[in-house]
Amino acid sequence: MNLRAVKGMKDILPDEISKWHRLENTFRHRVEGYGFREARFPIVEPTALFVRSIGETTDIVEKEMYTFTDRGDKSLTLRPEGTASSVRAFVQHSVQAREPVTKWYYIGPMYRRERPAKGRYRQFYQAGIEVFGDPGPFVDAEVIDMVVGLISSLGITEVEVLVNSIGGPEAREHYREALLAYLGPYRAELCADCQRRVDANPLRVLDCKVPRCAEIAADAPSILKHLTDEDRAHFDGLQETLTILGTPYRVDGSLVRGLDYYTRTLFEVLGKGEALGAQNALLGGGRYDQMVKSFGGPDTPAIGFAMGLERLLMAMPEGEPDSHVDVFIVAAQAGVRGEATLLGRELRDAGLRVESDLRGGSLKSQLRRADKINARIAMILGESEVEEGVVQLKDLQEQTQDKIPRAEAAQRVRALLSK
RNA sequence: GUGGGUGUAGCUCAGUGGUAGAGCACUGGAUUGUGGCUCCGGGUGUCGCGGGUUCAAUUCCCGUCACUCACCCCA
């Protein structure tokens, strides 16, 4: 077979879907408990949306986007993340005019053309939330506390919560100057990428992993020293609230994150299980108070996060094997298959999940099938049962069997299932 | 983008210079219409692809592609 899923993109088959459902349902339930409502956005957006929000000099925009020209000569891009679309939609629909605070969540595929690795795919799934209109810091703390609760209700116990503040535009500008002054003398020692970054976006130099650059970055001034009083008060307020909530966290001044749109609060949750390999960032987020305005909307503060579903899945414990079938109907003779099909419809109409093997086959093989797919009950129908208007109700778990009137079949099954 | 590993049955993997095996899965049976456990039986492979060496290559060599892991980046 020479037609395969494209590199870095995976099929999810039914055998693994129940874990996905468990994850998605837990996420939905949790965030809906905080008043978030689902929104769905296009997977394809104008390229400029991401360039302007994520930042021209970020890795995502520089080398990871799936960008193409459509037949109308427009440059389009498969979304690499969800926040840009959320903001675009928020501004496009003037959502701020309908409510003071907007809380949205989304789940869906994202695309980045990176080299695939464990827990990193070119099409991957993210679930995320955005809050528009609340400047914080209480909402920042509540969001962080919410994700901690979410992670824990997924059965993931070993995590670390990192928080940091990179200040607002004013602090960023002061810091930029301080950083440039510091980096100036070292300029020639930096790697080629960083020499370019000094001009384009000096903060990115702090992120570089080239040994010499990392050494230089290690002694660079800290942005925490350049926060304005307001930024500082915001960050203090966040930490105080986390303390009141009893949410564990650690301040990490080196947490910068790869997207340029962040302001003030940044946070990240790291998984610790070895199942994750090197891709241990389960979820990340932060505040982006300038983005709505920069897209032409009103000055609206915002905060959000996104989590990587594949990574969460790897960190989650395996669940109980479940069954997708309540009743398996067995036709004892080939001649009653029509009657068995009718019985199946009767039970389904009563709300039960019913399977059968309409190909027929031996009684033994049909029962084996019922056992294999983990059906709780087998219902056997043969010539004599049809004649008498009854069915054999076999409880595969309790190993019991009763002959019951066919009319009572659905109700008897319900009684057994609810036991 | 850089480095490493691996490609043999549907899956997980053994193995050999003379074209190949196990377990699981699937399937039939163990006396009449009763699953799981046990026992007996059954099918399945362009041994990733291309080239080279050789009388002979799945095995050795080279290339290539794919997958995978790490670096990096991130979710």
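Hydrogens, waters and symmetry mates play no part in the numbers below; they use all other heavy atoms, side chains included. Within every chain, numbering begins at 1; the chains are lettered A, B, ... in the order of the sequence lines, protein sequences first and strands thereafter.
Partner of A/D140 under the side chain to side chain donor-acceptor pair (under 3.5 Å) criterion, chosen from A/Q239, A/R287, A/R264: A/R287. Each of A/Q392, A/E388, A/E385 was compared with A/K403 under the side chain to side chain donor-acceptor pair (under 3.5 Å) criterion, and only A/E388 meets it.
Using a 4.0 Å heavy-atom cutoff across all strands shown, A/A370 reaches no nucleic acid atom at all. Heavy atoms of A/G119 sit under 4.0 angstrom from at least one base atom. Note on A/R311: a base of the nucleic acid sits closer than 4.0 angstrom, heavy atoms only. A/L282 comes within 4.0 angstrom of sugar-phosphate atoms only, judged by non-hydrogen atoms across all strands, and of no base. Counting any heavy atom pair closer than 4.0 Å across all strands shown, A/K7 reaches sugar-phosphate atoms only and no base atom. Using a 4.0 Å heavy-atom criterion, one finds that A/Q333 contacts the bases of the nucleic acid, with or without backbone contacts as well. Within 4.0 Å of A/Y121, counting heavy atoms only, lies at least one base atom of the nucleic acid. At a threshold of 4.0 angstrom between heavy atoms, the contacts of A/E81 with the nucleic acid are absent. Among the heavy atoms of the strands lying under 4.0 Å from A/S365 are primed sugar atoms or P, OP1, OP2 only; no base atom is included.
Minimum atom distance to the side chain of A/N280 is reached by B/C74, of the listed B/G35, B/C72, B/C74. The side chain of A/L363 has B/U34 as its nearest neighbour among B/U34, B/A70, B/G35. Picking from B/A70, B/G35, B/C74 the nucleotide with the shortest atom distance to the side chain of A/A117 gives B/A70. Closest to the side chain of A/D371, out of B/C26, B/G35, B/U68, is B/G35. Ranking B/G33, B/C73, B/C26 by closeness to the A/I380 side chain, first place goes to B/G33.
Between A/E339 and A/R406 there is a salt bridge, with a side-chain nitrogen of the basic residue lying less than 4.0 Å from a carboxylate oxygen of the acidic one.
Comparing B/C13 with B/G52, their P atoms sit 33 Å apart, to the nearest whole Å. Distance check on atom C1': B/U44 versus B/C11 gives 13 Å, rounded to whole Å. Nucleotides B/U27 and B/G35 have their C1' atoms positioned 16 Å apart, rounded to a whole Å.
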